[in-house]
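Here the structure is laid out as structure tokens; the discussion comes afterwards.
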Amino acid sequence: ESMAAAIGGITSVMDMPHTNPPTLDLAALQLKKNIAAAHSTTNYAFHFGGSADNLSVIENLDPKLVSGVKVFMGASTGNMLVDDPKILERLFANVPTILLTHCESTPRIKQREAFYRNRYGEDIPASMHPQIRDVQACFESSQLAVTLAQKYATQLHVLHITSAKELALFQNVPLNQKHISAEVCIHHLSFDESDYE
């Protein structure tokens with residue numbers, strides 16, 4: 001993968017933690033670093049993963065070892081969902097580096113899934129994905145992340161926001177004045193649910 005990145009002009013990559021095995025402890029992090037040191041043709045860094053079970057590891061994490069800590073505040077891969085309010089409060093209060101969030105409200109998603117399961121059974125069409133993980137699901141979770149970051153002065157980056165409604169949560173100030181930022185996946189700028197029709 002790093003060779004393909006380099007051929008495409010990308011010289012630095014940052015790995016996400018929801019891999020097999022997930023990067024939820026220092027041993028998994030070191031394993032990835034060893035593999036990259038032996039094989040990568042690009043610069044590399046690694047995000048550490050947040051879960052309900054590794055808060056003490058995160059709180060004691062040396063920020064120089066990772067490029068950030070990623071937490072799934074909804075719609076998780078594996079056991080990486082962190083949506084318990086007490087755990088989120090502790091995470092936002094004590095994370096020693098930038099916190100990256102995947103924001104989708106699990107209760108909202110489950111409610112929407114149930115609605116579409118009643119309509120289609122277990123074979124819900126892929127075109128319903130944006131209806132299940134709708135604007136409200138994303139906004140509710142992003143709003144919670146921003147609120148917690150403001151409360152605890154957490155350096156926060158909300159990953160791949162998906163709606164204009166979420167943009168209202170972020171201040172348009174110079175980068176050196178921000179402690180809360182966001183981005184969008186490039187394909188979100190090119191495709192939306194109308195492409196399913």
Side-chain angles (χ1 to χ4, degrees), residues 5 8-10 12-18 45 47-51 67-78 80-85 87-89 91-93 95 97-120 124-197:
I10 296 168
S12 300
V13 296
M14 285 186 274
D15 177 74
M16 287 295 177
H18 51 297
H47 293 306
F48 200 77
S51 76
S67 49
V69 172
K70 181 175 183 180
V71 63
F72 285 85
M73 292 177 60
S76 169
T77 300
M80 295 182 69
L81 176 64
V82 181
D83 61 355
D84 180 295
I87 294 172
L88 286 171
E89 291 265 351
L91 178 63
F92 275 79
V95 64
T97 187
I98 188 168
L99 183 64
L100 301 102
T101 57
H102 174 107
C103 290
E104 294 177 302
S105 168
T106 301
R108 174 75 178 180
I109 290 170
K110 286 183 178 180
Q111 174 191 27
R112 304 291 292 162
E113 282 177 339
F115 175 81
Y116 285 101
R117 195 169 284 113
N118 284 337
R119 180 181 285 179
Y120 296 103
I124 301 172
S127 61
M128 294 298 105
H129 181 87
Q131 306 307 320
I132 294 170
R133 295 165 190 255
D134 66 355
V135 169
Q136 193 59 30
C138 297
F139 179 80
E140 288 174 10
S141 188
S142 293
Q143 184 177 45
L144 175 59
V146 168
T147 299
L148 289 170
Q150 290 169 336
K151 179 177 180 179
Y152 294 108
T154 311
Q155 187 179 358
L156 172 68
H157 184 72
V158 179
L159 296 163
H160 43 69
I161 60 170
T162 56
S163 70
K165 184 175 182 179
E166 289 170 275
L167 289 176
L169 298 169
F170 304 95
Q171 294 181 330
N172 186 15
V173 296
L175 189 58
N176 64 353
Q177 297 175 24
K178 287 186 180 208
H179 74 95
I180 300 173
S181 58
E183 52 89 347
V184 62
C185 291
I186 193 70
H187 56 278
H188 292 168
L189 300 174
S190 300
F191 305 103
D192 64 21
E193 62 262 20
S194 66
D195 293 302
Y196 289 112
E197 298 170 356

Applied to residues 139-158, the ring-ring contact (aromatic ring centres under 6.0 Å, His included) test, sequence neighbours excluded, yields none
One should read off an interatomic distance between Gln111 CD and Tyr116 OH, to the nearest 0.5 angstrom, of 11.0 Å
Taking the side chain as every heavy atom from C-beta outward, state whether Met80 and Lys70 have any pair of such atoms under 4.5 Å apart. no
With sequence neighbours left out, the residues meeting side-chain hydrogen bond (donor to acceptor under 3.5 Å, both in side chains) with Ser67 are His47
Residues passing the side chain to side chain contact (heavy atoms under 4.5 Å, CB included) test with Phe170, sequence neighbours excluded, are Val146, Val158, Ile161, Ile180, Ala182
Output for pair (Ile109 CD1, Ile132 CD1), nearest 0.5 Å, gives 9.0 Å
Sequence neighbours excluded, the answer for side-chain hydrogen bond (donor to acceptor under 3.5 Å, both in side chains) partners of Gln155 is none
Closest non-hydrogen contact found for Gly50 with Val69 is N-CG1, 4.3 Å
*asked:* Below 30° counts as parallel, above 60° as perpendicular, anything between as tilted: where do the rings of Phe72 and His102 land?
replied: tilted
Sorted by chain and residue number, the side-chain hydrogen bond (donor to acceptor under 3.5 Å, both in side chains) partners of Ser12 (sequence neighbours excluded) come out as Asn43
Those residues at least two apart in sequence (or on a different chain) that pass salt bridge (charged side-chain N to carboxylate O under 4.0 Å, His left out) with Glu89 are Lys151
When rounded to the nearest 0.5 Å, the distance separating CZ of Phe92 from CD of Gln150 is 11.0 Å
Applied to residues 99-113, the salt bridge (Lys or Arg N to Asp or Glu O under 4.0 Å) test, sequence neighbours excluded, yields Glu104-Arg133, Arg108-Asp134, Arg112-Asp134
Sequence neighbours excluded, the answer for side chain to side chain contact (heavy atoms under 4.5 Å, CB included) partners of Ile87 is Ala52, Leu55, Val82, Asp84
Tabulate below the donor-acceptor pairs under 3.5 Å that side-chain atoms of residues 172-179 make, not counting sequence neighbours, or state none.
from, atom 1, to, atom 2, distance (Å)
Lys178, NZ, Gln171, O, 3.1
His179, ND1, Thr154, O, 2.8

By salt bridge (charged side-chain N to carboxylate O under 4.0 Å, His left out), Asp83 pairs with (sequence neighbours left out) none
When every non-hydrogen atom of Ala5 is compared with those of Val13, the smallest separation belongs to CB-CG1, 4.2 Å
When every non-hydrogen atom of Gly68 is compared with those of Leu100, the smallest separation belongs to CA-CD1, 3.8 Å
So side-chain hydrogen bond (donor to acceptor under 3.5 Å, both in side chains) across residues 136-145, not counting sequence neighbours, yields Ser105-Glu140, Gln136-Glu140, Gln136-Lys165, Ser142-Glu166
In this structure, CG of Leu99 is separated from CG of Leu91 (nearest 0.5 Å) by 5.0 Å
One should read off an interatomic distance between Cys103 SG and Leu169 CG, to the nearest 0.5 angstrom, of 9.5 Å
query: Glu183 side chain to Leu159 main-chain N or O, any donor-acceptor pair under 3.5 Å?
result: no
